[in-house]
Undergrad: 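Dropping the structure in here first, questions after.
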Amino acid sequence: MPSAVENVSKYLERIEKDKTNSFIEINKDAIRDAKAVDKKPKKGKLAGLAIAIKSNINVRGLHATCASKTLESYVAGYDATVIERIKREDGVIIGMTNMDEFACGSSGETSAFGHTENPAAKGRIPGGSSSGSATSIAANLCDISLGSDTGGSIRNPASHCGVVGFKPTYGLVPRYGLIDLAMSLDQIGPFARDVKGAATMLEVISGFNVKEGTTLKANNGYAKNLNPDISGYKIGVVEEFERLTDHKITKEIDKSIKKLENKGAEIVEVSLPNLEAGLPTYYLTVFVEFFSATRKFDGRRYGKKIEDVCGREVLRRILLGKYISQKEFTGKYYKKALQFRSLIKAEVLEALKDVDVIAGPTVPKLPHKLGGEIKDPLVMYAYDVLTVPANLAGIPAGVIKAGEVEGVPVGLQIQGKPLGEQKILNVMQAFEGAAK
Ligand code: GLN
């Protein structure tokens, strides 16, 4: 094992030469922090690992800009709960990663600090919104990173960059210190190069937090309990996925599912009849909650009024959220979205009732080319059709590289029951073993 200082220095040197624009800010005290870890006689679970953090999570003394001009000069005065936990286990924060502005996007193109490059598929978007958290793993610029996932923002870039990403059950990981996109959907989760790394980070950050009302009392030692023996597991495959997904991606996913079958799992067909209704349900919810969350950026506290400096997508969401909120006394949109959310949640839980996990694709199409900006927001939103149901239902979901299509990575998505993270991680590890 290299010392913390050796490990962190190695990554700092690589970051200096990096061309992916994965980082918005480097922690100038990273070496000092690594030295402190090296001095400890007894070290924690993340001893000396270099950890990158999405720029919407508060890390004391570093900028939490959300990749927006709105918060350009905002320096966090405290550590989010997940950061306290990482530091307690001796992880070294190496820097803050690039992202879509305020986590609104699936491409990594809307950052006020320039787009992020995909090291695994040159010339293509890396996905988003946790773009830099995924690319910093793919480009080998850190050991583990944190992202946030409201409708797919961990799983989408994990898929496009060929790395492991995990969105936990809603409430498993404290959100205290995360700048919200939509608070009823947001979850923080890890990226790593292997399942063990993601499981270790999940183990560190999950569990009850007295500072907030929505955390759950759960954490079963995910890394310690990893077990790739999945014989006897029932894996659901969803018939509706195929119709929505590029057939080349489906072919790759089918091959992956076959590998899981060869590992002793039983494949069972299940159905999600209202899968497509997830998108409008998700976006209506996000517009309203995001509008509300942005009212504090009125210029009095953080210097700049969000509407004056933000990009097009953020402004679109604020205006739509305002409109929908005004119409709300007649229950026109938001109330309907809430009703649909209940329906989708019930369907997802029903599909999971008789299986251990559901396996399928993560993103229905390949990432578009950089520079070929998508102007129609609905086309952009369609990237999320396979990831939003997990957020609407509050269930956990992990992504691992299935294979490649035209040289571009595609991710296998494994979804599980509420608090069913261990089984998902086990299936992912079984797959990791089969892929090698
Ligand atoms: N692409 C989705 C959106 O733009 C998801 C974002 C996220 O998960 N943060 O809302």
Side-chain angles (χ1 to χ4, degrees), residues 53-57 64 66-68 97-111 115-116 125-134 145-161 165-168 170 173 175 178-191 278-294 310-318 320-321 324 337 341 362-365 367-368 373-374 376-399 411 413 415:
I53 307 294
K54 187 173 180 178
S55 291
N56 59 354
I57 298 173
C66 291
S68 179
T97 59
N98 208 352
M99 58 185 280
D100 278 301
E101 185 178 17
F102 279 105
C104 297
S106 318
S107 74
E109 294 167 303
T110 68
S111 164
H115 72 267
T116 314
I125 56 154
S129 65
S130 313
S131 325
S133 297
S145 63
L146 287 189
S148 65
D149 190 310
T150 307
S153 279
I154 291 175
R155 291 162 288 155
N156 166 304
S159 178
H160 291 333
C161 296
F166 201 97
K167 178 215 112 57
Y170 183 78
V173 176
R175 285 180 297 110
L178 168 73
I179 299 169
D180 338 304
L181 168 54
M183 61 177 281
S184 75
L185 299 160
D186 298 336
Q187 266 296 281
I188 296 173
F191 288 90
L279 274 186
T281 305
Y282 167 81
Y283 275 97
L284 283 171
T285 309
V286 166
F287 296 157
V288 172
E289 291 187 19
F290 182 58
F291 168 64
S292 159
T294 56
C310 70
R312 226 178 338 152
E313 181 57 27
V314 167
L315 187 59
R316 175 184 295 121
R317 292 183 189 211
I318 290 173
L320 283 167
I324 297 165
R341 183 166 174 179
T362 309
V363 189
K365 49 187 176 176
H368 61 264
E373 191 203 356
I374 292 182
D376 181 350
L378 294 181
V379 175
M380 197 73 196
Y381 299 166
Y383 272 117
D384 305 329
V385 67
L386 303 175
T387 47
V388 296
N391 302 82
L392 293 168
I395 59 163
V399 170
Q413 180 178 207
Q415 308 186 60

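What you see below is based on every heavy atom in this structure, not just the backbone, and it leaves out hydrogens, waters and symmetry mates. Whatever order the structure lists them in is the order used to number ligands and atoms, beginning at 1.
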Undergrad: Does CZ in R316 sit with more than 12 non-hydrogen atoms of other residues, nucleotides or ligands closer than 6.0 Å?
TA: yes

Undergrad: May I have the N/O to N/O pairs between ligand 1 and the protein that fall below 3.5 Å, each with atom names and distance to one decimal?
TA:
unit_1: ligand 1; atom_1: 1 (N); unit_2: G105; atom_2: O; d: 3.1
unit_1: ligand 1; atom_1: 1 (N); unit_2: S106; atom_2: OG; d: 2.7
unit_1: ligand 1; atom_1: 1 (N); unit_2: D384; atom_2: OD1; d: 3.3
unit_1: ligand 1; atom_1: 1 (N); unit_2: D384; atom_2: OD2; d: 2.9
unit_1: ligand 1; atom_1: 4 (O); unit_2: G105; atom_2: N; d: 2.9
unit_1: ligand 1; atom_1: 4 (O); unit_2: Y283; atom_2: OH; d: 3.4
unit_1: ligand 1; atom_1: 4 (O); unit_2: R317; atom_2: NH1; d: 3.4
unit_1: ligand 1; atom_1: 4 (O); unit_2: R317; atom_2: NH2; d: 2.7
unit_1: ligand 1; atom_1: 8 (O); unit_2: T150; atom_2: N; d: 2.7
unit_1: ligand 1; atom_1: 8 (O); unit_2: G151; atom_2: N; d: 2.7
unit_1: ligand 1; atom_1: 8 (O); unit_2: G152; atom_2: N; d: 3.3
unit_1: ligand 1; atom_1: 8 (O); unit_2: S153; atom_2: N; d: 3.0
unit_1: ligand 1; atom_1: 8 (O); unit_2: S153; atom_2: OG; d: 2.7
unit_1: ligand 1; atom_1: 9 (N); unit_2: A103; atom_2: O; d: 3.0
unit_1: ligand 1; atom_1: 9 (N); unit_2: S129; atom_2: OG; d: 3.4
unit_1: ligand 1; atom_1: 9 (N); unit_2: T150; atom_2: OG1; d: 3.4
unit_1: ligand 1; atom_1: 9 (N); unit_2: S153; atom_2: OG; d: 2.7
unit_1: ligand 1; atom_1: 10 (O); unit_2: Y282; atom_2: OH; d: 2.7
unit_1: ligand 1; atom_1: 10 (O); unit_2: R317; atom_2: NH1; d: 3.0

Undergrad: Will you find, in the side chains of E101 and S68, an N or O donor that is under 3.5 Å from an N or O acceptor?
TA: yes

Undergrad: In a check of side-chain hydrogen bond (donor to acceptor under 3.5 Å, both in side chains) between N98 and each of S55, S131, S111, which one passes?
TA: S111

Undergrad: Are N156 and T387 close enough that a side-chain donor and a side-chain acceptor fall under 3.5 Å?
TA: no

Undergrad: Taking atom types as modelled, find out whether S133 and K54 have a side-chain donor-acceptor pair closer than 3.5 angstrom.
TA: no

Undergrad: Over 60° means perpendicular and under 30° means parallel, so classify the ring planes of H368 and Y383, tilted if in between.
TA: tilted

